[in-house]
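Protein chains get the first letters and strands the later ones, always in sequence-line order, with residue 1 at the start of each.
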Amino acid sequence: MAAIGRLKRRPEFLRVADARRKWVAPGLILQTTRQAGQGSPQRPAGERVENGGDGDLRVGFTASRKVGNAVARNRARRRLRAAVAEILPRYAKRGHDYVVIARAGTLTRSFDDLVADLTTGLRRLGVYRAAEALGTSPEHATERLVER
RNA sequence: CCAGACGGCCGGAUGGCCGCCUUCCGGUCCGACUUGAUCGAAAGCCGGGCCGGGGGGAGGAAAGUCCGGGCUCCACGGAAACACGGUGCCGGGUAACGCCCGGCGGGGGCGACCCCAGGGACAGUGCCACAGAAAGCAAACCGCCCCGCCCGCCGAUCAUCGAUCGGCUACCGGGGUAAGGGUGAAAGGGUGCGGUAAGAGCGCACCGCGCGCCCGGCGACGGGAGCGGCACGGUAAACCCCACCGGGAGCAAGACCGCAUAGGGGCGGCCGAUCCCAUGCUCUUCGGGGCUGAGGGUCAGGCGUGUUUCCGCGCCGCCGCCCGGGUAGGUCGCGCGAGGCGUCCGGCAACGGGCGUCCCAGAUGAAUGGUCAUCCCCGACUCUCCCGAUGGGAGGGUCGGGACAGAACCCGGCUUACAAGCCGUCUGGCCUC
RNA sequence: GGCCCGGUGGCAGAGUGGUCAUGCAGGGGACUGCAAAUCCCCGUACAUCGGUUCGAUUCCGGUCCGGGCCU
């Protein structure tokens with residue numbers, strides 16, 4: 001997953017939330033916005049700019065105390081991270097930032113439904129991108145992406 | 001077999017696919033520096049990316065942050081006194097503890113066993129609401145009893161009213177009492193017998209209490225014989241007294257690097273004494289004098305070091321309020337330690353010692369996992385079979401569930417949460433032999 | 001992660017070993033032609049579990065919530 005960057009700082013999360021592009025599913029909430037322009041001054045100093053033509057995609061995760069105690073929050077974040085690792089590199093538009101928020105249903109929903117929530121979220125927000133790789137198996141597609 | 005007590009262990013297993021963090025090795029690429037030098041090439045070293053391979057990767061509570069330490073910085077010169085906080089039967093263990101072990105005393109249980117902040121109330125002060133006669137010096141009050149006086153009544157004698165004597169008795173006075181007095185958490189030893197005018201440790205027996213003596217024990221304490229006849233209520237998780245312990249803060253400690261802003265601004269208050277003295281004003285008999293006093297020195301002053309005092313130290317125009325600016329960037333601290341396991345020895349035990357062996361998490365929007373399948377356990381429903389049959393057992397199927405909970409500098413404890421299961425020791429009861 | 005505070009009616013907010021003030025809100029009544037204002041009356045609470053004490057909101061421990069601070 002070399003292509004996926006990570007949102008870590010609070011201002012980055014607030015910027016995505018201010019864009020107000022949100023999709024609520026039983027298992028998660030998806031927010032997204034276009035990244036600030038390449039090499040723009042808003043980008044924090046020291047943030048390395050990755051090469052890659054039309055930009056990278058970056059993801060952040062949020063699990064608030066409403067989800068549960070520390071064990072429940074960790075588990076919710078891990079499930080979301082696994083679903084994101086399966087979907088976003090192939091189907092999410094680049095040059096965008098994404099924030100995935102855990103809900104109470106994140107823990108009880110089956111993993112297939114969780115993945116389906118994510119893809120419909122991408123479709124609803126208009127950031128779905130058909131996989132250009134022609135590989136038949138997901139592994140092959142991922143490998144090609146990595147090679148690029 | 002049933003019921004129970006205590007101590008300990010474990011905290012789902014296996015496999016497939018896809019991942020994360022860290023460390024080591026090899027390869028490859030990139031960058032900085034140094035040597036080298038004709039630009040170069042090359043070598044060394046450092047850092048980073050990718051690929052391949054090997055090793056390691058949450059807990060018994062990682063939790064609450066309630067105690068004790070290590071470690072780091074500040075005060076570290078100290079002292080004394082005063083505070084303040086904590087602990088509190090005895091003896092051990094320990095680096096230390098409010099922890100642990102073994103005892104003692106008290107309480108509970110048929111028992112195994114469990115529970116107890118368990119120093120001091122004759123150093124002092126305070127409090128004990130309501131109720132009650134009285135709540136802390138022990139007396140007053142009601143009541144009981146005796147004596148005196150004597151209103152009155154009754155009886156007897158002398159006998160005309162009346163007098164004398166005896167008995168009972170209201171009021172009053174004097175005295176003896178602490179047995180009794182609807183209370184109350186608590187009432188000045190308790191029960192029984194004797195005793196007395198009524199009573200009372202007034203006397204006796206037992207129990208309790210106190211005092212010193214002897215014996216056992218390191219000690220808390222226990223036992224014995226004796227004496228005193230009882231004087232000494234509770235509360236110290238009320239103040240307090242005694243003994244012992246404690247300097248303050250905490251890894252957001254602290255060190256280095258980088259970035260940014262600034263050596264900030266506004267308002268209010270205080271800006272003292274003295275010495276040196278630039279400058280300016282002024283007087284002048286030209287030697288100098290007076291006033292001013294930027295700046296500097298000393299003292300004072302303020303703040304900090306728990307308070308005060310003494311000296312000492314640091315920061316300084318000071319103090320209060322408000323505004324403004326920057327910041328959760330990186331590296332280190334950061335894991336060989338009061339360490340784990342095994343075994344032997346000492347000890348009732350906690351624990352200590354010797355020997356051998358092992359290296360065993362280091363994340364930082366925070367790794368240690370995600371998913372699928374099979375197995376295991378539990379529950380509900382259902383099918384078949386068996387039996388000593390409104391119940392039980394065996395096998396199969398479907399569905400659901402499998403706890404409490406996530407390291408954040410590290411240890412030793414305590415407390416709290418926790419499904420299911422396993423092991424050992426012991427107690428009581430029932431049945432059979 | 002560490003340190004430090006606080007839980008009292010629907011809300012705010014005193015109290016402190018002896019049966020918990022006060023204000024606003026709510027309900028009822030009086031006054032009024034009807035209201036407002038005013039007056040009277042009423043209901044409702046010490047976060048929770050233990051311990052000390054005769055007696056606990058208070059004192060002492062343990063939990064559960066809520067809040068603040070760190071350079």
| A/Arg79 side chain near B/U371 phosphate (N/O to OP1/OP2, under 4.0 Å) | yes

| Span that lies between the P atom of B/C221 and that of B/C89, in whole angstrom | 12 Å

| query | So which nucleotide from B/G365, B/G406, B/A367 ends up closest to the side chain of A/Thr62? | reply | B/G365

| message | Between A/Arg79 (side chain only) and A/Thr106 (backbone N and O only), is there a donor and an acceptor less than 3.5 Å apart? | response | yes

| Atom pair CH2/CZ of A/Trp23 and A/Arg123 - distance to nearest 0.5 Å | 12.0 Å

| What integer distance in Å separates A/Phe61:CZ from B/A366:C1'? | 14 Å

| query | How would you label the glycosidic angle of B/A58: syn (within 90° of 0) or anti? | reply | syn

| message | Tell me if B/U183 is syn or anti. Syn = glycosidic torsion within 90° of 0, anti otherwise. | response | anti

| Is there a Watson-Crick or G-U wobble partner for B/A198 with both distances under 3.5 Å, and if so, which one is it? | none

| query | Closer than 4.0 Å, any side-chain N/O of A/Arg78 to the OP1 or OP2 of B/U371? | reply | no

| message | Using Watson-Crick or G-U wobble geometry with both distances under 3.5 Å, which nucleotide pairs with B/G7? | response | B/C423

| message | Quick check for you: to the nearest 0.5 Å, what is the distance between A/Tyr98 atom OH and A/Leu118 atom CG? | response | 9.5 Å

| field | Student check: side-chain heavy atoms of A/Arg109 and A/Leu28 closer than 4.5 Å | value | no

| query | When rounded to the nearest 0.5 angstrom, what is the spacing between OH in A/Tyr91 and OG1 in A/Thr119? | reply | 9.0 Å

| task | Select base, sugar-phosphate, or nothing to describe what A/Arg73 touches, counting heavy atoms under 4.0 Å on all strands. | result | nothing

| said: Could you tell me the Watson-Crick or G-U partner of B/G379, where both distances fall under 3.5 Å? Say none if there is no partner. | reply: B/C399

| query | Syn versus anti for B/G31, judged by chi lying within 90° of 0? | reply | anti

| remark: Residue pair A/Ser110/A/Ala72 against RNA chain B: nearer the 5' end by closest nucleotide is A/Ser110

| field | Rounded interatomic separation in angstrom, taking CG from A/Asn74 and C1' from B/C21 | value | 14 Å

| Where does B/G60 land, syn or anti, once you apply the within-90°-of-0 test for syn? | syn

| remark: Scanning all shown strands, the Watson-Crick or wobble mate of B/G391 with both distances under 3.5 Å is B/C387

| A/Phe13 ring over B/G365 six-membered base ring, under 5.5 Å and 30° | yes

| Side chain of A/Ala82: nearest nucleotide among B/G406, B/A367, B/G370? | B/G370

| request: For B/G314, give its Watson-Crick or G-U wobble partner with both distances under 3.5 Å, or none. | output: B/C303

| query | Does A/Arg75 have a side-chain nitrogen or oxygen under 4.0 Å from the phosphate oxygens OP1 or OP2 of B/A405? | reply | no

| Is the glycosidic angle of B/C360 within 90° of 0, making it syn, or outside that range, making it anti? | syn

| field | Phosphate-side-chain proximity, A/Arg81 and B/G19, N/O vs OP1/OP2 below 4.0 Å | value | no

| Can you list the residues that meet the side chain to side chain donor-acceptor pair (under 3.5 Å) rule with A/Thr108, with sequence neighbours excluded? | none

| note | Checking N1-N3 plus N6-O4 or O6-N4 for Watson-Crick, or N1-O2 and O6-N3 for wobble, each under 3.5 Å, the partner of B/G352 is B/C345

| Rounded distance in Å between the C1' positions of B/G59 and B/U416 | 15 Å

| task | Just compare B/G365, B/G406, B/G370 and give me whichever is closest to any side-chain atom of A/Phe111. | result | B/G370

| query | Taking atom CD of A/Glu86 and atom CG of A/Leu114, what is their separation to the nearest 0.5 Å? | reply | 10.0 Å

| query | What's the closest nucleotide to the A/Val71 side chain, out of B/A367, B/G406, B/G370? | reply | B/G406

| note | Mate of B/G192 across any strand shown (Watson-Crick or G-U wobble, both atom pairs under 3.5 Å) is B/C204

